[in-house]
**Student:** 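Take a look at this one; I'll ask things after.
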Amino acid sequence: MKYLTKQQKIFVLEYIKTLNGELAAKNAGYKSNDLKNFSSKLLSDELVIKEIQIQLKKQIASLRVNKGYVIQKLLQIAEFSLEEEDILDKDGGYTGKKKLRDTTAGLKALESLCKYLGFSSNQEESDYKQAKIITISNLDDEKI
């Protein structure tokens with residue numbers, strides 16, 4: 001049975017820290033004229049991949065973050081970001097128009113929540129067409 005060398009183990013730990021194969025290879029002490037290519041070979045090695053997965057699982061387990069906490073925080077971010085707020089003019093007066101606080105953050109939180117809960121699958125995605133998000137602030141008065 002094959003085992004990782006000490007240098008490969010160091011590479012794995014450095015890769016997890018940096019997510020940069022070339023830098024991880026350098027920090028692990030590998031000497032090569034083409035560290036980028038060399039690190040690609042390391043990252044395609046089955047034993048290295050398995051060790052990366054094992055180390056990532058250990059790190060995640062050590063965090064001891066409750067799944068309910070993650071879901072609750074993602075929901076809070078989505079709800080807060082997608083609430084409407086008044087649009088003010090340059091003098092701070094109300095314009096009578098509203099906008100969503102931060103659609104990008106809200107949609108990202110919802111996307112993460114769906115992935116976390118397993119709502120996303122290739123079949124479901126192919127059944128829906130992509131929608132273009134338009135906020136009230138993007139529209140001219142003539143278009144409303």
**Student:** Determine whether more than 12 heavy atoms belonging to other residues, nucleotides or ligands lie under 6.0 Å from atom CD of E46.
**Tutor:** no
**Student:** For the CG atom of L107 and the CG atom of L82, what is their distance to the nearest 0.5 Å?
**Tutor:** 6.0 Å
**Student:** How would you list all residue pairs meeting side chain to side chain donor-acceptor pair (under 3.5 Å) that involve residues 49-58, not counting sequence neighbours?
**Tutor:** E51-Q55
**Student:** Taking the hydrophobic residues Ile, Leu, Val, Met, Phe, Trp and Tyr, and joining any pair whose side-chain heavy atoms are under 4.5 Å apart, which ones share a cluster with I54?
**Tutor:** none
**Student:** Please tell me if the side chains of K98 and I87 come closer than 4.5 Å, counting only heavy atoms from C-beta onward.
**Tutor:** no
**Student:** Under the salt bridge (charged side-chain N to carboxylate O under 4.0 Å, His left out) rule, collect the residues that match up with D45, sequence neighbours excluded.
**Tutor:** none
**Student:** Linking directly or through intermediates, with side-chain heavy atoms under 4.5 Å: list the remaining ILVMFWY members grouped with I60, chain and number order.
**Tutor:** none
**Student:** May I ask you to test the V12-V48 pair for a side-chain heavy-atom distance under 4.5 Å?
**Tutor:** yes
**Student:** Check side-chain hydrogen bond (donor to acceptor under 3.5 Å, both in side chains) between E111 and all other residues, then give those that pass, not counting sequence neighbours.
**Tutor:** K115
**Student:** To the nearest 0.5 Å, how far apart are CG in L42 and CD in Q7?
**Tutor:** 8.5 Å
**Student:** I'd like to check the side-chain contact (heavy atoms from CB on, under 4.5 Å) partners of I77; sequence neighbours left out, ordered by chain and number.
**Tutor:** S81, A109
**Student:** Run through the side-chain heavy atoms of Ile, Leu, Val, Met, Phe, Trp and Tyr, join any pair under 4.5 Å, and report what else lands in F80's cluster.
**Tutor:** none
**Student:** If you group Ile, Leu, Val, Met, Phe, Trp and Tyr whenever their side-chain heavy atoms sit less than 4.5 Å apart, what else falls in with I49?
**Tutor:** none
**Student:** Not counting sequence neighbours, which residues clear side-chain contact (heavy atoms from CB on, under 4.5 Å) with Y116? List them please.
**Tutor:** K67, V70, I71
**Student:** Within a strict 4.5 Å, meaning less than it, do heavy atoms of the E84 and L100 side chains meet?
**Tutor:** yes
**Student:** What side-chain donor-acceptor pairs closer than 3.5 Å can you find for residues 13-29, not counting sequence neighbours?
**Tutor:**
from	atom 1	to	atom 2	distance (Å)
E14	OE1	N27	ND2	3.1
E14	OE2	K17	NZ	3.4
T18	OG1	E14	O	3.0
T18	OG1	N20	N	3.2
T18	OG1	N20	O	3.4
N20	OD1	E22	N	3.1
N20	OD1	L23	N	3.0

**Student:** As an exercise, state the distance from NZ of K108 to OG1 of T103, rounded to the nearest 0.5 Å.
**Tutor:** 13.5 Å
**Student:** Counting C-beta onward and ignoring hydrogens, is there a side-chain heavy-atom pair between L75 and L113 closer than 4.5 Å?
**Tutor:** yes
**Student:** How long is the straight-line distance from NZ of K97 back to CG of D86, given to the nearest 0.5 Å?
**Tutor:** 12.5 Å
**Student:** Linking I/L/V/M/F/W/Y whenever any side-chain heavy atoms sit under 4.5 Å apart, do Y3 and I10 land together?
**Tutor:** no
**Student:** Assess the residue pair F38 and L43 against the criterion (side chain to side chain contact (heavy atoms under 4.5 Å, CB included)); give the C-alpha distance rounded to whole Å, side-chain angles, the decisive distance to 0.1 Å, and a yes or no.
**Tutor:** CA-CA 9 Å; F38 185 77; L43 290 169; over 6 Å; no
**Student:** Sequence neighbours left out, what passes side-chain hydrogen bond (donor to acceptor under 3.5 Å, both in side chains) with Q76? Give chain and number order.
**Tutor:** K73
**Student:** For residues 30-41, which residue pairs pass the side chain to side chain donor-acceptor pair (under 3.5 Å) check, not counting sequence neighbours?
**Tutor:** none
